[in-house]
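Single-structure report; data block below.
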Amino acid sequence: MAGVGEDANRKAVCPSSAPPDMKRAGRTSCDEYPFASSYEGGTHLPAKQREITWVKVQENKSQEGRITAWRGKMHVMDGDPFYVI
């Protein structure tokens with residue numbers, strides 16, 4: 001999780017800026033899956049097993065906060081496996 005190259009993972013899969021139609025919609029933040037903060041983030045999985053979309057900046061920050069809180073509440077430690085449904 002944290003410390004696994006989150007910035008590098010995000011840069012590996014997210015374009016440097018949102019496409020024009022997403023910018024017009026205010027969706028300028030790249031939201032990636034698997035999470036950049038996970039060991040599976042970035043290009044660790046084949047392209048067909050990962051996805052990005054564009055969301056509003058505040059939405060992305062909110063999601064990040066919820067994921068971080070969930071990890072703490074569920075005691076998901078660095079290296080622990082978990083499933084996302």
Side-chain angles (χ1 to χ4, degrees):
M1 289 175 297
V4 298
E6 187 172 345
D7 289 336
N9 282 349
R10 190 169 287 113
K11 286 178 184 177
V13 297
C14 288
S16 59
S17 76
D21 59 329
M22 291 291 106
K23 287 181 182 178
R24 284 190 298 276
R27 300 168 68 116
T28 58
S29 185
C30 179
D31 190 17
E32 72 292 328
Y33 183 82
F35 311 127
S37 61
S38 70
Y39 287 102
E40 293 80 6
T43 57
H44 296 277
L45 295 178
K48 66 181 180 177
Q49 293 181 1
R50 56 183 198 259
E51 187 73 40
I52 68 159
T53 192
W54 295 94
V55 298
K56 294 183 177 184
V57 172
Q58 190 54 43
E59 180 181 344
N60 214 356
K61 288 181 180 182
S62 174
Q63 290 171 356
E64 182 179 354
R66 290 177 67 184
I67 291 166
T68 300
W70 172 83
R71 285 178 175 165
K73 182 178 178 182
M74 295 294 140
H75 305 285
V76 177
M77 305 301 286
D78 191 24
D80 283 353
F82 62 92
Y83 291 98
V84 177
I85 299 173

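None of the values given here were measured: they were computed from a predicted structure. Heads up: numbering here begins at 1 and tracks the sequence.
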Original post:
Is there a donor-acceptor contact under 3.5 Å from the side chain of D80 to the main chain of M77?
Top reply: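 Yes, the answer is positive, given that a donor and an acceptor are paired below the 3.5 Å cut-off.
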
Joint cluster assignment, [X] & [Y], ILVMFWY side-chain distance < 4.5 Å:
| X | Y | answer |
| --- | --- | --- |
| Y33 | M22 | no |
| L45 | V84 | no |
| V13 | V55 | no |
| W70 | F35 | yes |

Original post:
Partners of R24 by side chain to side chain contact (heavy atoms under 4.5 Å, CB included), sequence neighbours excluded?
Top reply: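 Once residues adjacent in sequence are excluded, the partners of R24 under the side chain to side chain contact (heavy atoms under 4.5 Å, CB included) criterion are P20, D21.
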
Subject >> Close side-chain approach of R71 and F82, heavy atoms under 4.5 Å >> reply: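 Counting from C-beta outward, R71 and F82 do come under 4.5 Å.
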
Original post:
Can you find a pair of side-chain heavy atoms, one from I52 and one from P15, that are under 4.5 Å apart?
Top reply: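 A side-chain contact exists here, since the closest heavy-atom pair is under 4.5 Å.
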
Subject >> Closest contact, heavy atoms only, A12 versus T43 >> reply: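 Smallest interatomic distance, heavy atoms only, reads CB-CG2, 3.9 Å.
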
**OP:** Measure the spacing between CG of D7 and OG of S37 and express it to the nearest 0.5 Å.
**Re:**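 Here the interatomic distance stands at 11.0 Å.
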
Original post:
What pairs meet the salt bridge (charged side-chain N to carboxylate O under 4.0 Å, His left out) rule with one or both residues in residues 26-36, with sequence neighbours excluded?
Top reply: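 Counting only pairs at least two positions apart or across chains, the salt bridge (charged side-chain N to carboxylate O under 4.0 Å, His left out) contacts touching residues 26-36 are R10-E32.
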
Original post:
For residues 45-59, which residue pairs qualify under salt bridge (charged side-chain N to carboxylate O under 4.0 Å, His left out), counting only residues two or more places apart or in two chains?
Top reply: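 Pairs touching residues 45-59 that pass the test: none.
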
Original post:
Is a side-chain donor-acceptor pair under 3.5 Å present for D78 with Y39?
Top reply: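 The answer is yes; a qualifying pair exists.
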
Subject >> Worked verdict on Q58 versus S29 for side chain to side chain contact (heavy atoms under 4.5 Å, CB included) >> reply: CA-CA 9 Å; Q58 190 54 43; S29 185; over 6 Å; no

